[in-house]
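All of these numbers come straight from a predicted model, not from anything done at the bench.
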Amino acid sequence: ADSGLFFAYMVRGLFIAPCMVHFDGCFTMGDVMERLYGVPGKLLSGVASVLYSAILVAIQLMVLETVCKSLLGIDPFWGIVVGGLIMTIYAAHGGIKAVTATDIFQFLVLIVGIPLIASIAVNQAGGIKEMFAQLPPEKLSIFQHEKFSYYSVLFMVWTFFQIGMIDPAIIQRLLMGRSARQLRSQFLTIAAFVPA
């Protein structure tokens with residue numbers, strides 16, 4: 001799925017993002033759909049955006065439950081309640097500035113934290129060569145993998161059907177661009193940082 005995201009961002013950067021400059025004055029996907037298809041398009045995109053966002057929040061709360069239960073030893077119910085309240089207050093109070101601050105923090109974690117942790121883990125394992133020597137051969141199979149068709153479908157969906165394009169945050173970022181060139185370079189840069 002991650003390699004699918006790489007190609008998805010490439011497709012967005014090369015073909016979709018440059019077209020978004022034609023929607024000057026639009027701030028949401030609903031505004032774009034209203035301009036193209038009228039009020040029914042706006043309502044349909046609104047419903048799709050709410051469903052997409054609700055699913056993402058549910059996934060985040062499930063991850064929070066797992067973290068509370070397995071890592072922190074906290075009752076999962078209270079972890080979800082407190083975590084959900086914090087997420088709601090932070091998003092409602094902070095708005096786009098809070099989301100931008102979170103994006104910057106996540107970027108720093110991805111660029112600094114994860115490579116640092118990976119480097120320490122590889123050194124503890126005795127180096128990259130030793131790590132691959134201890135890896136079971138079946139973990140390196142690609143076409144013979146039992147879920148190869150499942151991962152292939154995920155790859156195709158994320159790459160060609162652009163399901164992530166209904167994400168309200170991505171649409172807002174596209175609509176905030178100053179020019180087609182800026183949007184293209186922004187999404188191609190993101191594609192370079194998506195784990196392959």
Side-chain angles (χ1 to χ4, degrees), residues 1-63 84 86-112 114 149-196:
D2 285 340
S3 57
L5 282 176
F6 167 78
F7 288 109
Y9 277 109
M10 293 292 287
V11 169
R12 290 172 191 165
L14 294 173
F15 303 109
I16 297 172
C19 296
M20 296 303 281
V21 295
H22 300 295
F23 298 102
D24 192 33
C26 295
F27 299 103
T28 65
M29 185 63 164
D31 295 337
V32 172
M33 295 301 282
E34 183 178 26
R35 187 176 290 184
L36 294 172
Y37 304 106
V39 175
K42 182 174 188 172
L43 290 174
L44 183 62
S45 68
V47 169
S49 294
V50 167
L51 287 174
Y52 183 86
S53 299
I55 290 168
L56 284 181
V57 169
I59 291 170
Q60 290 173 349
L61 290 175
M62 288 170 55
V63 169
I86 290 171
M87 283 171 42
T88 303
I89 292 168
Y90 132 88
H93 179 68
I96 194 69
K97 288 184 180 179
V99 172
T100 304
T102 303
D103 284 349
I104 292 170
F105 175 73
Q106 289 175 350
F107 175 78
L108 292 174
V109 168
L110 286 171
I111 298 302
V112 177
I114 291 179
S149 57
Y150 171 75
Y151 291 130
S152 298
V153 169
L154 275 183
F155 174 83
M156 299 299 268
V157 166
W158 279 106
T159 304
F160 299 110
F161 298 115
Q162 297 293 307
I163 284 179
M165 284 305 295
I166 62 169
D167 183 352
I170 289 178
I171 298 301
Q172 284 184 329
R173 288 182 181 119
L174 283 167
L175 294 171
M176 288 174 12
R178 294 188 190 102
S179 67
R181 183 177 177 186
Q182 181 200 32
L183 286 172
R184 181 182 291 115
S185 63
Q186 175 186 353
F187 275 82
L188 294 179
T189 302
I190 293 170
F193 285 102
V194 171

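A pairwise comparison of heavy atoms in Ala17 and Leu183 identifies O-CD1, 3.3 Å as the closest pair. Contact detail for Pro18 and Gly13: the closest heavy-atom pair is CD-O, 3.4 Å. Contact record, Val32 with Leu175: CG2-CD2, 3.9 Å, taken as the closest heavy-atom pair. Annotation for Met33 and Ser45: closest pair CG-CB, 3.6 Å, computed over non-hydrogen atoms. The nearest pair of heavy atoms linking Pro40 to Tyr37 is CD-O, 4.0 Å.
Applying the side-chain contact (heavy atoms from CB on, under 4.5 Å) rule to Gln60 yields the partners Met87; only residues at least two apart in sequence or on another chain are considered. For the side-chain contact (heavy atoms from CB on, under 4.5 Å) test, residues two or more places apart in sequence or in another chain that qualify with Ile111 are Phe107, Phe193. Residues forming a side-chain contact (heavy atoms from CB on, under 4.5 Å) with Ile86 (at least two apart in sequence, or on another chain): Val82. In terms of the side-chain contact (heavy atoms from CB on, under 4.5 Å) criterion, Ala101 has no residue partners (sequence neighbours excluded).
Between the NE2 atom in His22 and the CE atom in Met20 there is a gap of 10.5 Å [rounded to 0.5 Å]. Rounding to the nearest 0.5 Å gives a distance of 11.5 Å between CD of Gln186 and CZ of Arg12.
Within the structure, salt bridge (charged side-chain N to carboxylate O under 4.0 Å, His left out) pairs that include any residue of residues 35-49 comprise Asp31-Lys42, Glu34-Lys42 (at least two apart or interchain).
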